[in-house]
Structures are given as C-alpha cells and as structure tokens.
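Report on the following structure.
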2 protein chains.
Amino acid sequence: MSFNSDGLSHYKKEDIMVTIKQVSALSGVSKSTVSRVIAHNGAVSKKSRKKVDAAILELGYRPNSFARSLKSNKSNIVGIVVVNMGSAFYAEVLGGIQKAFDGSDKHLMVSSGYGDKETEFETISSLIDRQCDGLLLFLESDFSRDEIHKLCNRDIPIVLMGRDGIPYGYNSVQVDNKTGGTVAIMSLIEAGRRKIVHLAGPQNLADARDRLDSFWQAIEQSDINKSHCCVIVGPYTEAFGYQSTKALLAEGVDFDAICAGDDEIAAGVYMALREAGKKIPEDIAVIGYDDNFHARHMYPPLTSVCQPIETLGLQAGKMLVTMMQGEQSANINMVLGATLVERESI
Amino acid sequence: MSFNSDGLSHYKKEDIMVTIKQVSALSGVSKSTVSRVIAHNGAVSKKSRKKVDAAILELGYRPNSFARSLKSNKSNIVGIVVVNMGSAFYAEVLGGIQKAFDGSDKHLMVSSGYGDKETEFETISSLIDRQCDGLLLFLESDFSRDEIHKLCNRDIPIVLMGRDGIPYGYNSVQVDNKTGGTVAIMSLIEAGRRKIVHLAGPQNLADARDRLDSFWQAIEQSDINKSHCCVIVGPYTEAFGYQSTKALLAEGVDFDAICAGDDEIAAGVYMALREAGKKIPEDIAVIGYDDNFHARHMYPPLTSVCQPIETLGLQAGKMLVTMMQGEQSANINMVLGATLVERESI
DNA sequence: CTGAAAGCGCTAACAG
DNA sequence: CTGTTAGCGCTTTCAG
C-alpha cells in the first residue's frame, strides 16, 4: 500500500480488493465456510461464524457481485427503458417503478430510448447483455413480439408499459387512451359546444393517433355537424398550441372549444386566447390532457384528463416482481382508466 | 430445446446461453482467438476473423458482461444517487447526466436516497459493490469526506452535486443558493416592498437554510425595518403555501410581499391570495424559486429564480467522464449561478 | 498468428 | 459441520 504526498492513503486496485480468500486466511477457515456465512445458507458452527464475521469486519470485506452473478446467472438488476428519463412524465413512471422495488435487493438500470427505434433496440440489447433479471419497457416504437423475442434470447421476464392500446402479446400495463380521449371530447359536447377544434399530437405517436380516433368517433356519435370541427396536428409543445390558436383566430375560423392534445398545448392555447381577449370558458372552452401540475395553476384552472402515470409504473413493477419470483402465470394486460378532472375551463 | 404447447420455443437457460466456447467450436479456432476477435485487440488472420464473425452471427453470441468485468474489474456502470428520481427536479438532473453519457458505452444505474442518510449510505455501498466505474451523488445529508471515503474503499471517481454551498473536499458541481436567494429578495426590495414574508423550506435541507440566511442578510443590508418582516418554515408544498398565507391573512398581519421557498409554495400562495380577493402584484408581490414549468402559466405569470438544473447534471457528468478517463487532476468545485426570471408577479 | 493453460472471486456438490 | 474440488465465461500471458 502506498501513500501519496498529502498523507491520504492512495489505493490501487490490487491493494484493496479484499476477497473471500483473505477472509478465509484471516479467520482460519476455508473459503466455502466463509461463503456459507455470507450467504446465510448451509450449516456453520457458531465458532466459525464468529471468526468469519470478525474477519469480514476487520477487512471490510464485501462480496464481488460479478463473481456471484457469473456463478448464479442472476444480476439482481432490473433493466428499464423509458422514452426519456429527463422528462417529468417519465420521472413519474420511474417514481412508481421504484416504489415497487423499494426494499428489495434489486437495482434499477435506467436508460432512455428517445422514441427512436434503433436506440431503443440498442439499449434493450445491452441491458440484456448485462443479464438483467427482468425488463420494464416504455417504448415509443411499435416493436413486434418477434422483434423483442429475437432480442431477448434468454427467457427474461418482460413487462411493457404504454399509453397506447396495442396488445403486444406480452404482459403489459397501459393507460386507456381511447377512453380518455372520448371522455375529453364528451365533456365538451355535453357542455353544449358544437364547433370543436382538436389540436392533436404528432401522429407517429400511438397515443396521439388513438386520441384523434376517439375524437372523430365521438363527434360522429353526437349530433354535431362534422364540418364545423377540425383538426390540426403538431408537436406536444406550448408553441404549437399558441401558434395554431393564433392562426385559427387570424383566419376567422368559427369555433367554441379547443380540445388540446396535452396540457402543454393547452398552455399555449391559453396564451393566444388571452392575447386575443377571448374569455375562457365563456367564449372558448378548453380541455387538456395529462393533468400536469401546471393545469390547476393556470387561470382559469384547466380541465384535463388525468392519467395514472405513477400507478402505471408501480403496477408494471409489481407485475415484474411476480414474474421474476415464480412461474409466469397468465398473460396479463392491465389497462388503467383515465379520469376527467373537472375544473373551470369548460 | 423443448417446445411448449403453443408452439413457441421455450428456452431454458442452459439451452440458450451461448458462450465463447461454442463460438470457438463452431468456427474451429481456439477461445483465445475468438476473444481477440471480439475485443479487437491482438493480431488475428483475416481467415480466422471471418470464420469467427460468421459463427458469432449464426449463434447470436454476445459476450457475458460479468465474466468480462470479473477479469477486468471494470463494470462500465456509472452509479447515480439522487434524492428522488420520481420528482421533476431530479428528472432534469438526470436528463443532464444522460446527455453527458449519450453515445458512450457506460450504463447508468440510478437510485434514490430519499434524503435519508441511512438509505443514502446503503445505496452508495451497494453501488460500490457493483464495482461502478464512477459515482454521481446528489445527496441531502451532509456526508463528511471521511464518511464517503470510508464507504468507498476503492479509488472510484466521485462527483458530488448539490444545491448547497458546502465544499465536500470532493469534486463537485453546485448551484449557487445563497446568491439565488439574495437575488430573489433584492428584486422585492427594489420593487419598493418593505414588509416581506419569507415562506421558507424545511430547515433540515441545506438549500432552505441557505436561502433563509440570504433572506435576513439582504434585509439587514437594506433600509427595511426588520420587525416588519417575518419567516414561516414549512415543507416545499402547495398546501404549506396556501395554509400559511391564509393564516397570515386571518391574523391580520400587514405584509406587501411574499418570498416563497419554491414555486410549489408560491402556487399555494396564489390560491390563498385569490380567494381573499388580493391582487398580485398590486396588493401583494410574490416571487418563487426554481422556475418550474408552471411558473409561467400561473396568473399572473410568476417571477422566479431559475436554477440551471439540467446543466448541473450535464457538467457533473462531464466532470466524471474526465475523471474516469485519465488522471484525476485538480480538485474542482464548479458553481453555477442562478438567474432571476422576471415576470409579472412583482 | 494461434492455442494451451491459468486464473478473476465466488459457489456448490461431494466427501469426509 | 467443514474442506476439497471443479467450474461459471472470459482474458491474457506464454510458448509454439
């Protein structure tokens, strides 16, 4: 062991990695006995145990997880892929997931797939390479069962999470987008609005497509004149909400309600409406989607559709725990309902 | 290999784990040569390489990361501990961190310490057990240098992140809380407010303490009569903001500005003020902290102090990358300034 | 350029 | 109850 100039001990790997062998030597028993002690299995005499414990303490021994995993083929790692762990939405998902694993000895290895199929593919493979004991996937791309299966050449438990209604043939937890979308439009219709604009999210995203579907479906099942309604497609951003609303106003389009693809879009709508001197909901009713934190703090508070995001993560996590524990029973597809949170924008 | 009833192949571990040995057998070269091919080191004849590549492809071979790590003592895992990855704040931190590692072969192992010293300790240890190549820590507790050092019996690069001003003696990236707090109060004072209430965050948190310090300091350096100002301490929640403001109003306390500990508290303040018919900022000026997404969507838009959260994560990540690459040069303590985002609540 | 052999740290029969 | 032994899958000398 060498010491550097400031007197702090400066370790090199070889110096410090204390192994079972050293514990064995110091305690005067065999490696096997040490192993039995640390694994709490097999029978060990009190005397031996005591000696081993003392040696472990003295040396500060901690078992090497790689060696263990190499033998056992178990990593105690749960691999997680979300679209982007840096966003508030997926943070909530992760919050739910971690609740499911709190107190367990599993570690969470989290990656972002960025909604890019290649990246998602790459990420999943390397997670599998790491011998994850289970996988929790919130992907944007529509992976087919075969594709995932090909990736996954081991028999790893997988739970898919998602906002879309696609049954992957895997165990999954989803939030019900279709119904959520319907509920949103219906609340507008019930409030007597008849000229509704839908500011839809990007159509490469399944959830945005679903909501658009429900939009037209609800319109058709109502007494509304379809030609009085229209759809504009754009990104899930405040800017899109702002600009499209401004454009609508400038073009003199006649409408009495806006159904925003999400709360960010709705925030932009508010801005444009306020600038134009339009009153919410008197002149124009607005509804959002997601029930983000800011929805209730907008003025007037925004009516929105609440998705049980954290619950989604929690349930998916629990499902995976069950699968990892024992036999993978039935193929479960859990669907969580979205709920309307009525505030003052309608 | 057995097949189950639905015709899908049902793998067992033994069936599927393809090892270097099998590649060696199929390609007709030794394990060593295969190893050289996959590691791209050592000299291999074109012919051998070709055979090996073909075999790898055919078998779908992927090297076992544990066996590799066991040999190399390198995990390619970066361990991360934040207070709570389920919250929007830390999601942003993580977003920054992942940017720093995008495109590298490092994996991120993320855990939450929940601001609980024991949990944090536990989490860090198990991350170290996993032979992480580096550690990124955003802790709430005041770990001493010695404590972390004791934990870390290997010479692992560590970067500390934080909102407080404590120099840990480790490399770190922090946001400047003191100045941020001062900027907040100053803007109130400059706007002519003289009877200011500070709704401070929980005092077991260093950042809340720092901001409280700056509050009194700024007051003292101004011409304000200290006795016209007061402080209420509570959690970083909307409820706290709401209730304390209501209480203030009910008790008939005379004040013309509220400096909220964060934007959540400010949101509660808004509600109470609106209910009481008070106008913002005419009657009462309000300032928040964090510049959360909802700040600009409140009515009127909330003036707040913006912390470069994502940058914090990014810089910390970059710093760690540097440390992991080569010699750990100087001890760097990076401080990121907070900025005032002026809107209409003052 | 290639193969044989040793060993990373740990676990799990198998004899004692 | 305990020690010996044989690997887990990979890398890396060291001879050839």
Side-chain angles (χ1 to χ4, degrees), chain A residues 12-53 55-56 59-76 105 128-131 133 153-154, chain B residues 12-53 55-56 59-76 105 128-131 133 153-154:
Chain A
K12 292 219 177 127
K13 284 241 175 84
E14 311 83 70
D15 296 284
I16 59 90
M17 168 131 311
V18 16
T19 76
I20 203 170
K21 205 170 158 186
Q22 295 168 50
V23 178
S24 149
L26 181 59
S27 57
V29 302
S30 73
K31 288 193 300 173
S32 329
T33 300
V34 177
S35 176
R36 284 179 196 113
V37 170
I38 60 187
H40 296 291
N41 72 2
V44 182
S45 70
K46 270 190 186 149
K47 216 166 122 190
S48 296
R49 184 184 307 279
K50 213 165 179 176
K51 285 191 291 185
V52 171
D53 282 336
I56 287 177
L59 296 170
Y61 167 76
R62 313 221 65 178
N64 179 312
S65 66
F66 295 136
R68 283 185 145 178
S69 295
L70 182 57
K71 277 291 306 180
S72 65
N73 237 317
K74 277 195 57 197
S75 61
N76 278 331
D105 57 346
I128 291 173
D129 287 351
R130 288 217 180 281
Q131 322 290 126
D133 296 341
N153 58 353
R154 291 175 52 206
Chain B
K12 294 222 176 123
K13 283 237 174 85
E14 310 82 72
D15 297 282
I16 57 92
M17 168 130 312
V18 15
T19 75
I20 203 172
K21 203 170 159 188
Q22 296 169 48
V23 178
S24 150
L26 181 61
S27 57
V29 301
S30 73
K31 288 192 299 172
S32 328
T33 301
V34 177
S35 176
R36 286 182 194 109
V37 170
I38 59 186
H40 298 289
N41 71 1
V44 182
S45 70
K46 271 193 185 148
K47 215 165 120 191
S48 295
R49 185 183 306 279
K50 211 167 180 176
K51 284 191 290 184
V52 171
D53 282 338
I56 286 177
L59 295 170
Y61 167 76
R62 315 219 65 178
N64 179 314
S65 65
F66 294 135
R68 284 187 142 176
S69 295
L70 184 57
K71 281 288 311 180
S72 65
N73 239 318
K74 276 196 57 199
S75 61
N76 278 331
D105 57 345
I128 291 173
D129 287 350
R130 285 231 135 70
Q131 323 290 126
D133 296 342
N153 58 353
R154 290 176 52 206

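Here is how names work: the chains are called A, B, and so on, in the same order as the sequence lines, proteins then strands, and each is numbered from 1.
- With sequence neighbours excluded, the residues forming a side-chain contact (heavy atoms from CB on, under 4.5 Å) with B:Ser32 are B:Ser30, B:Arg36, listed by chain and number.
- Here B:Ser48 does not reach the OP1 or OP2 of C:dC1: none of its side-chain N or O atoms lies under 4.0 Å away.
- In this structure, CG on B:Asp129 lies 11.5 Å from OG on B:Ser75, to the nearest 0.5 angstrom.
- For B:Leu59 against B:Val18, the heavy-atom pair with the smallest separation is O-CG1, 3.6 Å.
- Atoms NZ (B:Lys71) and P (C:dA5) sit 16 Å apart, rounded to a whole Å.
- Within the model, atoms CZ of B:Arg130 and CG of A:Asn64 stand 10.5 Å from one another, a figure rounded to the nearest 0.5 Å.
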All N/O contacts under 3.5 Å from nucleotides 13-16 of chain C to the protein, with atom names and distances to one decimal?
{"from": "C:dA13", "atom 1": "N6", "to": "A:Arg36", "atom 2": "NH2", "distance (Å)": "3.4"}

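- Closest non-hydrogen pair, A:Lys31 versus A:Ser24, comes out as N-OG, 3.7 Å.
- Between A:Thr19 and C:dG9 there is no side-chain N or O to OP1 or OP2 distance below 4.0 Å.
- Positionally, the nearest nucleotide of DNA chain D for A:Thr33 lies more toward the 5' end than for the other of B:Pro63 and A:Thr33.
- Whole-Å rounding puts the A:Arg62 CZ to C:dC10 P distance at 12 Å.
- A side chain to side chain contact (heavy atoms under 4.5 Å, CB included) with B:Val52 is found for exactly one of B:Val23, B:Leu26, B:Val44, namely B:Val23.
- Using a distance-only test at 3.5 Å, with no hydrogens or angles considered, a donor-acceptor pair links the side chain of B:Gln22 to the main chain of B:Met17.
- One interatomic measurement links the two molecules: NZ of B:Lys46 to P of C:dT2, which rounds to 13 Å at whole-angstrom precision.
- The NE2-P distance, from A:His40 to C:dT11, rounds to 12 Å in whole Å.
- Here the P atom of nucleotide C:dG7 and the CZ atom of B:Phe66 are 24 Å apart, to the nearest Å.
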Notebook entry, point to check: Are A:Ile20 and A:Ser35 close enough, and set up right, to give a side-chain contact (heavy atoms from CB on, under 4.5 Å), and what steps lead you there?
Noted result: CA-CA 8 Å; A:Ile20 203 170; A:Ser35 176; 3.9 Å; yes

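- Note that the first and last nucleotides of DNA chain D, 5' to 3', having any atom under 4.0 angstrom from a heavy atom of chain A are D:dC1 to D:dG9.
- In terms of heavy-atom proximity, B:Tyr61 sits nearest to B:Ile38 at OH-CD1, 3.7 Å.
- The CD1-C1' distance, from A:Ile20 to C:dG7, rounds to 16 Å in whole Å.
- Remark on DNA chain C: of its neighbouring residues B:Leu70 and B:Lys31, the 5'-side contact belongs to B:Lys31, judged by nearest-heavy-atom nucleotide.
- In this structure, CZ of B:Arg130 is placed 15 Å from C1' of C:dG9, rounded to the nearest angstrom.
- Note on B:Ser35: a base of the nucleic acid sits closer than 4.0 angstrom, heavy atoms only.
- An OP1 or OP2 oxygen of C:dA4 is reached within less than 4.0 angstrom by no side-chain nitrogen or oxygen of B:Ser30.
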